[in-house]
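Here's the structure, in structure tokens; my notes come after.
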Amino acid sequence: MRLILNVFSLFIVSLCVACQPSEPAAAPAQTGEASAAQPAAPTAADAAAFVRDAERRLEELGQYSERVAWVYSTHITDDTALLAAKASENMTAAQVELAGQAAMFSKVEGLDADTERKLNMLRSGITVPAPSDPEKIAEQAKIGAELSGMYGKGKYCPSEGECLGLSELEAVIDNSRDPAELLEAWNGWRTVSPPMKPLYARQVELANEGAQELGFEDLGTMWRSGYDMPPSEFPGELDRLWGQVKPLYDALHCHVRARLNEEYGDEVVSSDGLIPAHVLGNMWAQSWDNIYDLVGPEESDAGYDLTAILNEDGFDAVSMVKTGEAFFTSLGFEPLPETFWTRSQFVKPRDREVVCHASAWDVDEKEDLRIKMCIDVNGEDFRTIHHELGHNFYQRAYNQKSYLYRSSANDGFHEAVGDTLSLSITPDYLQQIDLLEEVPDASGDVGLLMKTALEKVAFLPFGLLVDQWRWKVFAGEVSPEGYNDLWWQLRADYQGIGAPNERPADAFDPGAKYHVPGNTPYTRYFLAHILQFQFFKALCDISGHEGPVHRCSFYGSEEAGQRLNAMLEMGREKPWPDALEALTGTREMDATAVLDYFAPLQEWLDEQNASRQCGW
Ligand code: X8Z
Ligand code: ZN
């Protein structure tokens, strides 16, 4: 199963009796006396047999559609789009049929715990459902493939014959300091998404209809039911975690805004309002580490530049991935299979359209692991490689489980594993693998922490708001005419970020973010940005690290590897608190580990901000 593109895949959710939705409309009647005209009421044994069959059928269909999806994402043409839509249609049809039947079987008395858990997963685990009408399933599948192709092929053409794709436009946003150039690249990429809007609106309509057939209020409720708790309680859990980290984010925002104001002047960045989205060094203003040189502490040098090191040492895409793999094998994990190296896409092909957004694949759900990336030799892609490999090693750890349990404890866990290893890319680690001669002393720590905070802390409100937007869209709280305003309202509320210029009437800025046309739920990344600090702290303790946690690397610790593996190999079999406990000893998601990690930076930021007017 692929991690990231969800057009075809199940997102697997877990059992929660309290979060059972109301009566599924698609469920056939199931009580009453057996008679010649009416089959006998199903038994617990029938339900268990149904689940076994469903797993077999989905596994077969899933492997086929994964292969088609791989070909589509790595060779986007009209033909492959059609094939991808067809495979997706078959998969969705089976999922919808099985979900309806699962709803029926879930009411049978005397079910064993596994069958009950799996029935619930079958019923609520379709990322983009459709109503059971075959025509609507086909329409939904076609829209899904079309949207993903529009993003993958998207180009901004400033003049006749001159077209720029996302990678080229990102290169400007990531590196330029010229506000006019930045603004053009920012607006340029957003010319790709307006045509997506009507398709997206129709997709929402169809998906909601599908969710309602299965007894959910809307698709948002269905998405929120994957967390071993009632879906109505999940937003409160997110608010609690956001409340823990918000003061740290606010302090970072205040400092970054002040520095950008100094750099660009009041005309571009005001000293007391929203930060315009084009000057933060990232196309979506989701992570800000590319502007470290503008906002980092003058007195505390981070001490090294990973991009420069990789280039000076002659790294290429494959050797970067090999280095990532070596981190995992140092913990005791088996090396990746030979086919990983021959079947993955590491660099952007020059001769065809592909979806460059990084993803990890497990095509046969056993050993056929792959990543699909367009790797450039820089620190950001080096970290993303670890992120993707985290998915692959998780996938392999649970590959002995039955089909529905081949997933992570909750979706945030899958996104957190590789990042946990990335947090271990410290100066000590780089010295250990001969990439850095001298480890900078502790006077550079605020710089190091700032660099990580620009990547991780800056991300937190963005990680939250993408699905806050989608949940409102799914709930019908906003019509397509209001999609874009709601997006900027949430950007302002959560991130303190604004559009750099007025948005055109047909703008559909959420569509310029991969996960919206790609239909990948996004709350997983918010959770992952909390969980990875919990995992990291636990693994550092297990490896015997002493001293400040941000200086820890658990590279080479087999004890850490064993504990990590103990969690990974559980897959989705148990509720996520069990998996969290297996690694960290706690059953709660908790941002204290984030706050502890960044405590020295928080102190420094508070000093810097003492005489500044913070907030927006
Ligand atoms: O999409 C991803 C990964 C693939 S699962 C590269 N990420 C989010 C994003 O790029 O928006 C990782 C961080 C957040
Ligand atoms: Zn990921």
Side-chain angles (χ1 to χ4, degrees), residues 1-7 9 11 69 73 127 148 151-152 166-167 170 173-174 189 277 280-290 320-321 324 344-346 348 354-362 369-376 378-395 407-423 452 454-467 469-470 491 494-495 497 509-533 535 568:
M1 192 174 298
R2 163 188 25 142
L3 260 296
I4 179 76
L5 299 172
N6 281 292
V7 184
S9 63
F11 83 95
S73 306
T127 309
S148 134
Y151 188 92
L166 178 58
S167 311
E170 275 192 279
I173 296 281
D174 293 358
W189 178 241
L280 286 155
N282 177 280
M283 184 55 91
W284 306 275
Q286 65 185 62
S287 282
W288 309 341
D289 36 321
N290 285 324
M320 283 163 75
V321 182
S344 288
Q345 176 195 293
F346 297 126
K348 185 175 180 179
V354 300
V355 178
C356 268
H357 192 89
S359 54
W361 300 59
D362 180 11
L369 304 167
R370 310 176 192 179
I371 61 171
K372 180 181 64 55
M373 287 185 68
C374 299
I375 298 173
D376 290 321
N378 61 44
E380 187 180 335
D381 282 5
F382 189 60
R383 287 179 210 284
T384 303
I385 287 166
H386 289 74
H387 176 94
E388 297 308 330
L389 293 183
H391 287 312
N392 281 153
F393 280 93
Y394 209 153
Q395 288 161 331
S407 188
S408 53
N410 72 38
D411 55 5
F413 282 60
H414 231 306
E415 298 303 336
V417 171
D419 286 13
T420 305
L421 271 71
S422 288
L423 288 173
T452 310
L454 290 169
E455 185 193 346
K456 308 280 184 191
V457 178
F459 179 82
L460 288 160
F462 185 76
L464 206 49
L465 78 84
V466 176
D467 281 352
W469 178 81
R470 272 195 288 218
R491 294 272 259 173
Y494 281 98
Q495 285 185 291
I497 283 177
D509 296 326
K513 176 65 195 164
Y514 171 82
H515 302 69
V516 173
N519 281 304
T520 306
Y522 211 82
T523 304
R524 59 183 61 184
Y525 302 110
F526 173 75
L527 296 178
H529 277 68
I530 307 283
L531 284 168
Q532 62 189 258
F533 287 92
F535 296 171
L568 303 188

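Both counts, for ligands and for their atoms, begin at 1 and track the order of listing.
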Side chains of R524 and H414: does their closest heavy-atom pair fall under 4.5 Å? no
Is a salt bridge present between D362 and R370, judged by a nitrogen-to-oxygen distance below 4.0 Å? no
Ligand 1 N/O within reach of T384 N/O, cut-off under 3.5 Å: no
Would H357 count as being in polar contact with ligand 1, using the rule that some N or O on each side must be under 3.5 angstrom apart? yes
Does E415, backbone or side chain, put an N or O under 3.5 Å from an N or O of ligand 1? no
In H387, which N, O or S atom comes closest to the Zn ion (ligand 2)? NE2
Quick one about D467 and T523 (side-chain donor to acceptor, distance below 3.5 Å, no hydrogens or angles considered), yes or no? yes
Pull out every atom of ligand 1 sitting under 4.0 Å from any heavy atom of Y522, numbered as shown with elements. 8 (C), 9 (C), 11 (O), 14 (C)
May I ask you to check whether Y525 has an N/O atom sitting below 3.5 Å from an N/O atom of ligand 1? yes
At the Zn ion (ligand 2), NE2 of H391 and OE1 of E415 open up to roughly (10° bins) 100°
Tell me, do E380 and E455 make a side-chain contact under 4.5 Å, heavy atoms counted? no
Atoms in ligand 1 with a heavy atom of K513 nearer than 4.0 Å: 9 (C), 10 (O), 11 (O)
Please check whether E388 reaches ligand 1 - meaning an N/O of the residue sits under 3.5 Å from an N/O of the ligand, judged on distance alone. no
Okay, side chain of N392, backbone of L369: is any donor-acceptor separation there less than 3.5 Å? no
Can you tell me if F459 contacts ligand 1 (heavy atom of the residue under 4.0 Å from the ligand)? yes
Does the plane of the ring in H515 sit parallel, tilted or perpendicular to the ring in Y525? Use 30° and 60° as the thresholds. perpendicular
Taking C-beta and beyond as the side chain, do L166 and Y151 meet within less than 4.5 Å on heavy atoms? yes
Under a 3.5 Å threshold, yes or no: a donor from one side chain and an acceptor from the other, between H529 and E415? no
Is there a nitrogen or oxygen of H391 sitting under 3.5 Å from a nitrogen or oxygen of ligand 1? no
Output the list of atoms in ligand 1 that are nearer than 4.0 Å to some heavy atom of Q286, sorted by atom number. 9 (C), 10 (O), 11 (O)
